[in-house]
Amino acid sequence: MAIDGINAQVGLCMLNFTAAQSLMGMTSIDCWAAFAPLLANVICCPQLHATLVILVGQSSKDTGVLALNRTLAKPCLSDIEQVLAGQGAGDNLKQICSIHPSNLTEASCPVKDVDEFENTVNSSELLASCEKIDPVKECCDQVCQGAISDAATRLALKASDSLSMDGPHVLPVHSTRVNDCKTVVLRWLASKLDPNRAKEVLRGLTNCNVNKVCPLVFPSMRHVANSCGNGISNQKACCDAMDSYVSHLQKQTLITNLQALDCATSLGLKLQKNNITKNVYSLCHISLKDFSLQGWFLSGCLLPSLPSDATFDKFSGISFICDLNDNIPAPWPNPSLLPASSCNKTVRIPALPAATNAQSGLYDENAAVYLLIASSMAIMMLLRF
């Protein structure tokens, strides 16, 4: 089998890459070599994980099993890497997205046979709950997520011999097994949906978790604490220290607007633990977009909190939805209150970012801006990193 000049190892890997050619093409664009590290958390890795689930799920219609054996997993993963790299994706996606051959197996889940799966779980209820999801409502109502957890728990309980053991290690082992079984459940769902619909569902589910966590690494804030802690005697010195600190965060990765809210809360609480009691966000004019990647072509791009994909055009190069106008002030957290949830109706962070007519690019009634990155710029980015 050959796809775009890449020869799959026929006879070793049973996955049908041709049937998933459109999906593989989208994954290659989402994980384009120059931008894979920058889009990893929000776009590339969620798309790659969905692709693996769909490939194995679709193959189960022919094999009757929802996992690859350990002998086939390694060459199949190698084939997937080759196909994606041949279409422009990075050749180090395993490292970027923490992918291993075990991502294609059943791991510790005791059930992988399709017939046994459907005899164990309430498959009709599972499909009804997950065949189509609203990516906003699902994150709050968790209808599909609840059905997946219930099915995964039922599968994990098949390993009754392990679960009946007494001792402190039973719960963590069970938790790992349930998580492994969730992957098997997702593959079954992917086998019942066409690849595009399966991708929408999987990306929507992943996005619920993506938006809950700030992906940034916060370096030492000793300098900020020295300049802004215990009362602010010199506002310029404090804001210079804050600007310097935030500039380190801006070298990390692109994040969504909801992730920026999480990051602002996390950093604010850390600053407060370092005896910085005044609202330095307001004092130093820190906004949510200041937490996202900045560079020679980006000025505080916040990705939308809803699932999105990059696109490729031979004239424009790679493009992705980007918010260049979200000047929402970063909220200073109140340590006595729980952080506001995106499910709280009072939170006014748009799922798709707002834009003004002053911005060039493509936009629709939702006023989403597409940031166009020419191919020559991609080469410059590779040289830069």
Are the side chain of [X] and the backbone N or O of [Y] linked by a donor-acceptor pair below 3.5 Å?
| X | Y | answer |
| --- | --- | --- |
| S244 | D240 | no |
| Q58 | L193 | yes |
| N274 | L271 | no |
| Y281 | P333 | no |
| N69 | T71 | yes |
| T105 | S102 | yes |
| S292 | K289 | no |
| Q252 | V217 | yes |

Practice task
Considering only NZ, NE, NH1 and NH2 on the basic side and carboxylate oxygens on the acidic side, decide whether R70 and E106 come within less than 4.0 Å.
Solution key: yes
Practice task
Would you mind checking if K192 and E131 are paired as a salt bridge, meaning a charged N to carboxylate O distance below 4.0 Å?
Solution key: no
Under a 4.5 Å side-chain heavy-atom rule over Ile, Leu, Val, Met, Phe, Trp and Tyr, are [X] and [Y] clustered together?
| X | Y | value |
| --- | --- | --- |
| L249 | L283 | yes |
| V56 | F117 | no |
| I29 | L23 | no |

Exercise for the section: Scan L261, L288, L293 and name whichever one has a side-chain contact (heavy atoms from CB on, under 4.5 Å) with L302. Expected result: L288
Problem - S287 and D290 side chains, donor-acceptor separation under 3.5 Å - result: yes
Exercise for the section: Establish, from distance only, whether the side-chain atoms of D30 and S28 form a donor-acceptor pair under 3.5 Å. Expected result: no
Tell me, do [X] and [Y] make a side-chain contact under 4.5 Å, heavy atoms counted?
| X | Y | answer |
| --- | --- | --- |
| F291 | V246 | no |
| D309 | R203 | yes |
| L202 | T51 | no |
| F320 | C301 | yes |
| V121 | V185 | no |
| L267 | L216 | no |
| I96 | P37 | yes |
| V280 | I232 | yes |

Practice task
Evaluate the criterion side chain to side chain contact (heavy atoms under 4.5 Å, CB included) for residue pair L39 and L303; output intermediate values, then yes/no.
Solution key: CA-CA 9 Å; L39 299 174; L303 299 171; 4.3 Å; yes
Problem - Sub-2.5 Å SG contact, C109 and C181 - result: yes
Practice task
Report yes or no: is the SG-SG distance between C44 and C97 under 2.5 Å?
Solution key: no
